[in-house]
Undergrad: 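One structure is given below, represented as structure tokens, and several questions about it will come after.
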Amino acid sequence: VTHPFIAAVQAAAPNCRLACDATGMEPFLTDCRGIFRGDALCVASPSTTADVAAVVGAARAHGVAVVPQGGNTGLAGGATPMGRQPQVVLHLGRMRAIRRIDRVGMTLEAEAGCILQSAKEAAQEKGRLLPISFAAEGSATVGGMIATNAGGINALRYGTVRQQVLGLEAVMSDGSVLRAMSGLRKDNSGYDWKHWLIGSEGTLGIVTAAVLRLSPLPTQRHVAFVAVDSPAAALRLLERLQDSVGNALSAFELMSGTSVARVLQHQGGRLPLEQAGAWYVLLELSDQAAAQLGPQLEAELFAAMDAGDARDAAVADNLDQMRQFWALRENITEAERHVGRSFKHDVAVAVSAMPDFIERASAAVTALHADLSLNVFGHLGDGNVHFNVLAPDGLESLGERVHHVVHDVVAACEGSIAAEHGIGQYRVTELQRLKPPQEMAWMARVKRALDPENLLNPGKLLPAEQNHVA
Ligand SMILES: Cc1cc2nc3c(=O)[nH]c(=O)nc-3n(C[C@H](O)[C@H](O)[C@H](O)COP(=O)(O)OP(=O)(O)OC[C@H]3O[C@@H](n4cnc5c(N)ncnc54)[C@H](O)[C@@H]3O)c2cc1C
């Protein structure tokens, strides 16, 4: 017997593709790390905003929860159904049009299912930069990166996705469509509702299209790989570059020596320095002006070595070398798969507090069990590191205690337990434990106001039951 929700979608949106069989649904029911798995009545793949509205309207009429999904590259289980409630996975992947690029207005309008890499390539063809970069950009979608407010390697210079969103179109929980797609750079005519949806992980509305801010396309790039003794030394190098090259610094990534060694061992590649270091920095400068950035970078690196803030440094000579340097950073997550279970932490603290955080959290993990190892890397310039704890076989059960000790240090440093990957279902309990109750209560009030029936991605970000508290 066909579920009445499915019949309602078929009637209201005949062009919406529906997969209701186990094989068709399979790829959409598990997250990309294979940690979370859920069930659904069907997977709906609409191709227009009107069809998205029809699916949400039918879901509301039949009490079916809606789980939006883009490229399914999220790392917090946010796009995977959970719980026993009947639900539909709303896959936006067919809505992938790039509707318009405005060169002088510096904007790009795209549908939610557009792959980030395609949007970046389209902007580049028009001589413009869409300044959002992360390792999953070949699969992640515009809607997903907005819903998670993705960060990535260029947030240091350009900000997170929130800073790039100038307009939004969304389907709200009652099936209505909100549209603010003129891409205004200034609009103080009331609450800026698009910011409610950015970073809301599909719990407040379904993003169907967006206007994104573009930037001038850099004409020169310089990438350096630097060995440093400690995170504190890395920060001194950062300060030096802030003084000398300022905004041209577009990435400043920290990697522990063991993280890079693991990449070399399992993924291949070559260390571009003569000796291994305790820590490394991968940095990139880019600009479109004619300024002589290359010689300036080399002078700063020599000065940093003279001052004892850097051990050794290599500057990439060509595009191929730049790619090799970046591969050492981008393969870190993949390399940890060879070690065992990874308990992931996506931590933000004040930039200047990062050395203290790393030292205290490392000591806390070692005190918990001597066989746990660390994989520490990330966006030091943004005060964000991925502090992953690797557990060999037999220690998988330590997960909860590991999360507690690391997050307790985050709290002591007044930081955040979700810098860029979000809460999803992975961090709901820890968020509740650590976020001030007043903030949690206000978040629940916002959720109830925008989604009173708790239909949009229930159980993600906020515990399912909290949404119903009067
Ligand atoms: C190798 C790797 C590297 C990564 N590096 C980074 C990084 O450096 N920085 C970073 O921030 N993230 C990173 N991520 C995480 C992930 O790629 C981003 O969160 C990305 O923005 C998710 O996009 P997606 O389309 O895959 O979304 P999905 O995984 O499909 O969904 C993510 C969340 O958004 C919701 N959602 C999806 N589409 C919509 C929509 N149209 N409307 C409303 N809600 C929606 C989902 O319900 C879910 O809660 C990385 C992931 C991988 C696998």
Side-chain angles (χ1 to χ4, degrees), residues 27-28 30-34 36 38 45-46 49 52 56 65-82 87-96 110-117 119 132-156 160-162 168-173 194 196-210 251 253 329-337 344 346 348 377-379 382 384-386 418-428 451 456-461:
F28 303 93
T30 311
D31 76 307
C32 69
R33 292 168 65 205
F36 300 102
S45 303
T49 301
V52 174
V56 173
V66 180
V67 181
Q69 190 175 104
N72 200 14
T73 67
L75 296 173
T80 309
M82 64 182 285
Q87 47 208 310
V88 52
V89 174
L90 181 54
H91 174 238
L92 281 301
R94 288 177 69 207
M95 296 180 59
R96 54 175 59 202
E111 291 181 345
C114 175
I115 303 289
L116 171 56
Q117 191 174 313
I132 306 159
S133 294
F134 51 89
E137 66 188 38
S139 310
T141 61
V142 165
M145 76 185 195
I146 291 174
T148 56
N149 184 24
I153 55 173
N154 295 142
L156 173 67
T160 62
V161 164
R162 188 179 295 280
L168 212 61
E169 180 189 87
V171 173
M172 306 306 280
S173 67
K194 62 181 177 293
W196 301 343
L197 268 64
I198 300 167
S200 70
E201 301 186 47
T203 63
L204 299 181
I206 314 292
V207 175
T208 49
E253 300 281 304
R329 162 67 182 83
E330 281 165 359
N331 285 330
I332 290 179
T333 313
E334 193 56 35
E336 69 179 24
R337 286 176 196 252
K344 293 187 188 291
D346 173 28
F377 62 98
H379 320 297
D382 303 323
N384 168 206
V385 288
H386 304 305
E420 54 176 22
H421 297 161
I423 300 298
Q425 49 182 304
Y426 190 47
R427 301 192 173 90
V428 171
D451 180 20
L456 300 180
N457 227 356
K460 316 292 170 54
L461 197 56

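Whatever order the structure lists them in is the order used to number ligands and atoms, beginning at 1. All values reported here derive from a predicted model rather than from experimental measurement. Here, residue 1 is the first one in the sequence, and each next residue gets the next number.
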Undergrad: Quick check: do Asp451 and Thr203 have side-chain heavy atoms less than 4.5 Å from each other?
TA: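 Contact flag for Asp451/Thr203 side chains = no.
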Undergrad: Mind checking whether Val67 has a heavy atom under 4.0 Å from ligand 1?
TA: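 In this structure, Val67 fails to qualify as a contact of ligand 1 - no heavy atom is under 4.0 Å.
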Undergrad: Identify the heavy atoms of Pro81 and Val89 that sit nearest to each other, and give their distance.
TA: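 What the structure gives for the nearest pair is CG-CG2, 3.7 Å.
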Undergrad: Look at ligand 1 and say whether Gly205 reaches it with a heavy atom at a distance under 4.0 Å.
TA: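 For ligand 1, residue contact (heavy atoms, under 4.0 Å) with Gly205 is present.
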Undergrad: For atom 31 (O) of ligand 1, what is the closest protein heavy atom, and at what distance to 0.1 Å?
TA: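 For this ligand atom, the closest protein heavy atom is Ala79 CB, 3.6 Å.
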Undergrad: Do me a favour and list the nearest non-hydrogen protein atom to atom 5 (N) of ligand 1 with residue, atom name and distance?
TA: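 I find the closest protein heavy atom is Phe134 CB, 3.8 Å.
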Undergrad: Got an N/O contact under 3.5 Å between Asn457 and ligand 1?
TA: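 Yes: some nitrogen or oxygen of Asn457 is under 3.5 Å from one in ligand 1.
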Undergrad: Nearest 0.5 Å please: distance from the OG1 atom of Thr73 over to the NE2 atom of His421.
TA: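 Interatomic distance, Thr73 OG1 to His421 NE2, rounded to 0.5 Å: 9.0 Å.
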Undergrad: Report the nearest protein non-hydrogen atom to atom 24 (P) of ligand 1: residue, atom name, distance rounded to 0.1 Å.
TA: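 Its nearest protein heavy-atom neighbour is Gly71 N, 3.5 Å.
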Undergrad: Taking distance alone, with no angle check, do Ala150 and ligand 1 share an N/O pair under 3.5 Å?
TA: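 No; every N/O pair is 3.5 Å or more apart.
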Undergrad: To the closest 0.5 Å, what do you measure between CG (Asp346) and CD1 (Ile423)?
TA: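 With rounding to 0.5 Å, CG (Asp346) is 9.0 Å from CD1 (Ile423).
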Undergrad: Below 4.0 angstrom from a heavy atom of Leu75, which ligand 1 atoms are there? Numbered from 1 as shown, please.
TA: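 Numbered from 1, ligand 1 contributes 50 (C), 51 (C), 53 (C).
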Undergrad: Indicate yes or no: at least one non-hydrogen side-chain atom of Leu156 is less than 4.5 angstrom from one of His379.
TA: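 SC-SC contact between Leu156 and His379 ruled out.
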Undergrad: If we set the cut-off at 4.0 Å for heavy atoms, which region of His379 has an atom near ligand 1: side chain, backbone, both, or neither?
TA: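 Side chain only.
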Undergrad: Provide the number and element of each atom of ligand 1 under 4.0 Å from a heavy atom of Leu92.
TA: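 So the answer, numbered in order with elements, is 41 (N).
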Undergrad: Please report which non-hydrogen protein atom sits nearest to atom 29 (O) of ligand 1, along with the residue it belongs to and the distance in Å to one decimal place.
TA: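 For atom 29 (O) of ligand 1, the nearest protein heavy atom is Gly74 N, 2.7 Å.
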Undergrad: For atom 36 (N) of ligand 1, what is the closest protein heavy atom, and at what distance to 0.1 Å?
TA: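 For this ligand atom, the closest protein heavy atom is Ala147 CB, 3.6 Å.
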Undergrad: Out of Leu456, Ile423, Thr73, whose heavy atom sits nearest atom 15 (C) of ligand 1?
TA: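 Considering heavy atoms of Leu456, Ile423, Thr73, the nearest to atom 15 (C) of ligand 1 sits in Thr73.
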Undergrad: Measure the spacing between CD1 of Ile206 and CG of Asn457 and express it to the nearest 0.5 Å.
TA: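 Going from CD1 on Ile206 over to CG on Asn457, the span is 8.0 Å.
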Undergrad: Got an N/O contact under 3.5 Å between Pro68 and ligand 1?
TA: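 It does: an N or O of Pro68 is found under 3.5 Å from an N or O of ligand 1.
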Undergrad: Show every side chain to side chain donor-acceptor pair (under 3.5 Å) that has at least one partner inside residues 135-151, sequence neighbours left out.
TA: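 Output for this query lists Lys120-Glu137, Asn149-Thr160.
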Undergrad: Decide yes or no on salt bridge (Lys or Arg N to Asp or Glu O under 4.0 Å) for Arg329 and Glu253, but give the supporting numbers first.
TA: CA-CA 8 Å; Arg329 162 67 182 83; Glu253 300 281 304; 2.6 Å; yes
Undergrad: With the side chain counted from C-beta on, respond yes when Tyr426 and Lys344 share a heavy-atom pair under 4.5 Å apart, and no when they do not.
TA: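 They are in side-chain contact.
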Undergrad: Within ligand 1, which atoms have a heavy atom of Met145 less than 4.0 Å away?
TA: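 Checking each atom against Met145, I get 21 (O), 23 (O).
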Undergrad: Does ligand 1 have any atom sitting under 4.0 Å from a heavy atom of Thr333?
TA: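 No, Thr333 has no heavy atom closer than 4.0 Å to ligand 1.
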Undergrad: How close does the nearest protein non-hydrogen atom get to atom 41 (N) of ligand 1, and which residue and atom is it?
TA: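 In this structure, atom 41 (N) of ligand 1 has Val207 O, 2.9 Å as its nearest protein heavy atom.
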Undergrad: Report yes if Glu201 has an N/O atom closer than 3.5 Å to an N/O atom of ligand 1; otherwise report no.
TA: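 Yes: some nitrogen or oxygen of Glu201 is under 3.5 Å from one in ligand 1.
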Undergrad: Is the closest side-chain heavy-atom distance between Val67 and Thr80 below 4.5 Å?
TA: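 With C-beta onward as the side chain, the pair stays apart.
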Undergrad: Is there any salt bridge (Lys or Arg N to Asp or Glu O under 4.0 Å) pair reaching into residues 144-155, and which pairs are they, with sequence neighbours excluded?
TA: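 Output for this query is empty, none listed.
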Undergrad: Would you mind listing which atoms of ligand 1 come within a distance below 4.0 Å of any non-hydrogen atom of Gly202?
TA: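 Every atom of ligand 1 under 4.0 Å from some heavy atom of Gly202: 43 (C), 44 (N).
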Undergrad: How far is atom 9 (N) of ligand 1 from the closest protein heavy atom, and which atom is that?
TA: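 For atom 9 (N) of ligand 1, the nearest protein heavy atom is Glu420 OE2, 2.9 Å.
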Undergrad: For ligand 1, which is the ligand I care about here, please tell me if Gln69 has any N or O atom under 3.5 Å from one of the ligand's N or O atoms.
TA: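 For ligand 1, there is no N or O atom that lies under 3.5 Å from one belonging to Gln69.
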Undergrad: Is any N or O atom of Ala112, backbone or side chain, closer than 3.5 Å to an N or O atom of ligand 1?
TA: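 Such a contact does not occur with ligand 1.
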Undergrad: Can you measure from CZ (Phe28) to NE2 (His91) and round to the nearest 0.5 angstrom?
TA: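 Those atoms lie 4.5 Å apart.
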Undergrad: Report, in ascending order of atom number, the atoms of ligand 1 lying under 4.0 Å from any heavy atom of His421.
TA: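 Result: 6 (C), 10 (C), 12 (N), 13 (C).
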Undergrad: Select the closest option to atom 23 (O) of ligand 1 among Ala209, Gly152, Gly144, judged by heavy-atom distance.
TA: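 Nearest heavy atom to atom 23 (O) of ligand 1 lies in Gly144.
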Undergrad: Quick check: does Cys32 get an N/O under 3.5 Å from an N/O on ligand 1?
TA: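 It does not: no N or O of Cys32 is found under 3.5 Å from an N or O of ligand 1.
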Undergrad: Nearest to atom 19 (O) of ligand 1, what protein heavy atom do you find, and at what distance?
TA: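 Among all protein heavy atoms, the one nearest atom 19 (O) of ligand 1 is Thr148 OG1, 3.2 Å.
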Undergrad: If you measure every N/O of Ala136 against every N/O of ligand 1, is any gap under 3.5 Å?
TA: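 No, there is no polar N/O contact under 3.5 Å.
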Undergrad: So, is Gly151 polar-close to ligand 1, with some N/O to N/O distance under 3.5 Å?
TA: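 Yes, at least one N or O pair falls under 3.5 Å.
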